[in-house]
Amino acid sequence: MNGKTNAAVLCVALTALAAGVSAREVWTPAPLGSLKVGGTIGERIALTVDGNLKKIDYDKVFVNQFRTKDGKKTFVGTGNVMESLVLLAKQTGDRELLKIKEKLVSDILAAQASDGYIGCVRPEQRIWNSWDCEEVGFILDALVLDYVHFGNKTSLDAAVRGADWMLANWKNPTKGYDKFIYDKEILMGIAHGVWSVYDQTKNPAYRTFLTSTFDYLNWDMPVVLERDIGLKGHACGYLDTCYAQLAMYRTLGDPRLVRQTNRFLDHYLHGDGGLVTGLEGICECLNDSQEGSGCIGETCMSSYLLYTMDLALRTGAVDPALAGNIMERTLHNAFFAAQDRDGRRLRYYTPLEGVRNWWPTDDYCCPVNYRRAMGHVPEMLLYTNGSTLFANLYSPLEGEVAVGGVAVRVKEETDYPTSGKVRFTLSPAAKADFTFALRIPEWCAAATIRVNGAATDVRMPGKVFSVTRSWSAGDAVEVDFPMELRLVRGRKRQSGRCAFMRGPLVYATDLRFITDENRHPEEAANSQGVRNEDLLIVWPATAQLVSDDRARTGGTAIKVKGTLVSCQLGQECG
C-alpha cells in the first residue's frame with residue numbers, strides 16, 4: 001500500500017547523480033555530538049540509551065562467545081551493538097554509556113586471537129560459515145569508528161589485525177555453499193568493515209581484496225523477488241552490497257558502483273517494492289506483492305535503508321531530496337515502530353496489519369541493527385557541502401557547524417511531525433555569505449518560507465529549496481509545511497483498502513475503538529472468517545486530529561465518526 005499519487009517517495013524522478021554534486025564532493029553530516037537533538041528523534045535516542053543499552057548484560061549476551069569461540073552461535077551482533085555504543089556515547093556524552101562502550105571494546109580486544117581473528121567461531125567454521133564474516137565486519141567497522149570518534153589507536157590496530165587475518169585466511173568456499181548463500185551475502189558486513197579499515201590506512205591490499213578478489217566494481221545482480229538459491233533476493237544482503245559499494249564510490253568515483261543502488265530504487269519506488277510505511281519485503285526478502293501481514297518489514301531492512309540512503313546522499317549518488325524523503329518515511333513509521341514505548345523491547349518484523357511481536361533476546365540481527373542505526377540517525381539531520389548548509393530531517397536541535405569555513409550556530413525549533421512548522425535561527429560567528437537549503441517533503445504541495453519575515457510561497461514538492469544570501473547572527477528562516485489529512489489507496493494485496501496519512505506519518509487502526517457504527521452491514525452475515533478490520537466503514541469528511549501520546553510524546557491521532565481512533569503505526573495503542 002503506497003499510493004502512486006500520494007506516497008511521499010514516489011513522485012520524485014530517480015537520478016543517477018544529483019545535479020552539481022560529484023562523487024568526491026561529499027555532503028558531510030554535522031559531526032556527532034555537535035548537535036543537541038530533541039523532539040521525537042531525541043526522545044527515541046534517549047529511549048535507546050536509557051531504556052535499552054544501559055539494561056543489557058553485555059558479558060552474557062555479547063562477550064562470552066568471543067572468549068570461548070565455541071561456535072554455538074554463528075552471529076551474535078557484538079560489532080553492531082559496539083558501534084551503537086561508540087556513536088551514541090559520542091552523540092550524548094553520557095558517562096555511563098561511555099564506560100559501557102569502553103568495557104565492551106576492551107573485552108572484545110582481549111578476546112581477539114593471537115593471529116588476529118576477532119570472531120567467535122571455531123577454526124573449521126570460520127569465513128564460510130554463515131555469518132562469521134558479518135560478525136567480524138561489523139566489529140572492524142565499530143573499532144574504526146572508535147578510533148575516529150575517540151582517538152583509540154588500540155582499536156584501529158586491532159581492526160587492522162582483524163582485516164589482515166581475513167585477507168590472509170581467505171580460502172576457497174566450502175563445497176555446496178551456494179545452496180544456501182552467495183558470495184556477496186557471505187561478505188555482508190565484512191566488505192564495509194574492510195573498506196573502513198582501508199579509509200583509515202590506505203593500504204592497497206584492502207582495496208584490491210574488494211575491487212578485484214570480489215569484483216565489487218562489476219557486481220551487476222538483478223533484483224530477485226522472494227528467495228532463490230543462495231539467498232538471492234535477501235533484502236539486507238542486497239542493500240549491504242549497495243552500502244559497501246557507495247562507501248567505495250565516495251573514494252573511487254566509479255559510476256559502476258552506483259548501478260545497484262539505482263536498480264534497487266527503481267524496484268522500491270516504481271516496482272511496487274516499497275510499502276506505504278517505507279517498509280519492504282516478506283520473510284527478509286524483496287517482494288512486490290504489497291502484502292501487509294505476517295513476516296513483513298524486517299527491522300534490518302529499515303535500518304539498511306536508512307544507512308544506504310544516508311550514504312547515497314553523502315556521495316551524491318542520488319538526489320538528496322529523494323534520499324531524504326525515503327529516510328523520513330522509513331524513520332517515522334517503519335523504524336520507530338520497531339521500538340517499544342519504554343525502549344526496552346525491539347521487533348524483528350513490523351507488519352502493516354495483524355500481530356506485531358517483540359523479539360525475545362538482545363542479540364541477533366534486528367535488535368543490534370536497530371541500535372546501530374539509531375547511533376547513525378543524529379548524522380542524518382544536517383549536512384554541509386562547502387558553503388551550503390542542508391536541512392534534511394526535521395527535529396528540534398541546537399549546535400554549531402562549519403559552513404564555508406565559518407562557524408554557524410544553528411537552532412531549530414519545531415514539534416515536527418506533529419505540525420509542519422519549523423523555525424531555524426542561523427547565527428554565523430561573523431557576517432557571511434552562504435547557502436541555506438532545505439528539503440521540501442514530497443507530500444507537501446505548497447509550503448511557505450519566510451526569511452526574516454519576508455515570505456515566499458514554494459510549490460516544489462520533493463525538491464530542495466535554497467536561499468543564498470549574506471547572513472548575520474539571529475537571522476531566521478521560518479517554514480510552514482501544511483499537513484492535511486489524506487487517504488492513500490492501496491493496490492495489489494492492499495486493493496480495496498486505504499491508509500490515513502498526515503505529513504510523513506501513517507496511522508494504524510486501534511481495533512478496541514471500533515463501534516457497531518463502523519462495522520460493515522455484511523459483517524454479521526459473513527461466514528468466511530473475514531476479520532472485523534477488513535470490513536470497516538470510515539467517513540473521511542468527519543476525520544479530526546486529536547492529541548495522543550501513546551506512540552510518542554506530543555503525538556496525534558485521527559478520530560472519525562463512530563469513535564474509530566488511529567494512532568501511529570506499530571505502537572501498542574494502550
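Residues Arg256 and Asp254 are paired through a salt bridge, judged by an N-O separation under 4.0 Å between the basic side chain and the carboxylate. Ionic pairing of Asp50 and Lys54 is present here: one or more N-O contacts between side-chain nitrogen and carboxylate oxygen are shorter than 4.0 angstrom. With respect to the salt-bridge test (charged N to carboxylate O, under 4.0 angstrom), the residues Lys421 and Glu413 do not qualify. Ion pair Glu412/Arg423 not flagged as a salt bridge, since none of the NZ, NE, NH1 or NH2 atoms sits closer than 4.0 Å to an Asp/Glu carboxylate oxygen. One finds a salt bridge joining Asp141 and Arg372 here, because a Lys/Arg side-chain nitrogen approaches an Asp/Glu carboxylate oxygen to under 4.0 Å. Under a 4.0 Å N-O distance rule, the pair Asp157/Arg161 does not qualify as a salt bridge. Ion pairing of Asp340 with Arg347 is absent here, as no side-chain N (NZ or NE/NH1/NH2) approaches a carboxylate O to less than 4.0 Å. Electrostatic pairing of Arg450 and Asp480 does not count as a salt bridge here, judged by no charged N lying under 4.0 Å from a carboxylate O.
Shown here for Leu97 and Ala89, the closest heavy-atom pair between the two residues is CD2-N, 3.6 Å. Nearest approach of Arg44 to Ala551, heavy atoms of both residues: NH2-O, 3.2 Å. Minimum interatomic distance between Gln200 and Val148 (heavy atoms only, all atoms of both residues): NE2-CG2, 3.6 Å. Considering all non-hydrogen atoms of both residues, Val144 and Ala159 come closest at CG2-CB, 4.1 Å.
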Next on the checklist: ring-ring contact (aromatic ring centres under 6.0 Å, His included), that's the test. Do Tyr238 and Trp219 meet it? Break it down for me.
Outcome noted: CA-CA 11 Å; Tyr238 197 99; Trp219 188 61; 5.4 Å; yes
Next on the checklist: Test side chain to side chain donor-acceptor pair (under 3.5 Å) on Ser419 and Asp415; report intermediate values, then the result.
Outcome noted: CA-CA 6 Å; Ser419 80; Asp415 62 353; 2.5 Å; yes
Checklist entry - Taking it one step at a time, do Tyr507 and Asn333 satisfy side chain to side chain donor-acceptor pair (under 3.5 Å)? => result CA-CA 9 Å; Tyr507 290 78; Asn333 299 294; over 6 Å; no
Item to check | Residue pair Leu265, His270: steps toward the side chain to side chain contact (heavy atoms under 4.5 Å, CB included) verdict | outcome: CA-CA 8 Å; Leu265 285 173; His270 310 300; over 6 Å; no
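Using modelled atom types and a 3.5 Å distance limit, the side chains of Tyr307 and Asn369 yield a donor-acceptor pair. No side-chain donor from either of Thr251 and Arg207 sits under 3.5 Å from a side-chain acceptor of the other. Under the 3.5 Å distance criterion, with hydrogens and angles disregarded, a donor-acceptor pair is assigned to the side chains of Gln339 and Tyr370. Side chains of Tyr416 and Glu328: a donor on one and an acceptor on the other come within 3.5 Å. Between the side chains of Asp548 and Thr556, no donor N or O sits under 3.5 Å from an acceptor N or O. In summary, the side chains of Asn52 and Arg371 do present a donor paired with an acceptor at a separation below 3.5 Å, with no hydrogens or angles considered.
Not one N or O on the side chain of Ser106 forms a donor-acceptor pair closer than 3.5 Å with the backbone of Lys103. Judged by distance alone, the side chain of Arg550 and the main-chain N or O of Ala557 form no donor-acceptor pair under 3.5 Å. A donor-acceptor pair is defined here as one N or O able to donate and one able to accept, closer than 3.5 Å; such a pair exists between the side chain of Asn325 and the backbone of Ala321. Formation of a donor-acceptor pair under 3.5 Å by the Asn385 side chain with backbone atoms of Thr388 is not found in this model. Judged by distance alone, with hydrogens and angles left aside, the side-chain atoms of Arg329 form a donor-acceptor pair with the main-chain N or O of Val276 at under 3.5 Å.
Within a 6.0 Å sphere centred on NZ of Lys202, other residues, nucleotides and ligands contribute more than 12 heavy atoms.
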Please output the side-chain donor-acceptor pairs of residues 390-401 that fall under 3.5 Å, not counting sequence neighbours, one pair per line with the distance.
{"from": "Asn392", "atom 1": "ND2", "to": "Met380", "atom 2": "O", "distance (Å)": "3.0"}
{"from": "Tyr394", "atom 1": "OH", "to": "Arg439", "atom 2": "N", "distance (Å)": "3.1"}
{"from": "Tyr394", "atom 1": "OH", "to": "Arg439", "atom 2": "O", "distance (Å)": "2.4"}
{"from": "Ser395", "atom 1": "OG", "to": "Gly38", "atom 2": "O", "distance (Å)": "3.0"}

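A centroid separation of less than 6.0 Å is found between the aromatic rings of Phe434 and Trp471.
Below 30°, between 30° and 60°, or above 60°: for Phe436 and Phe424 the angle between ring planes is above 60°, a perpendicular geometry.
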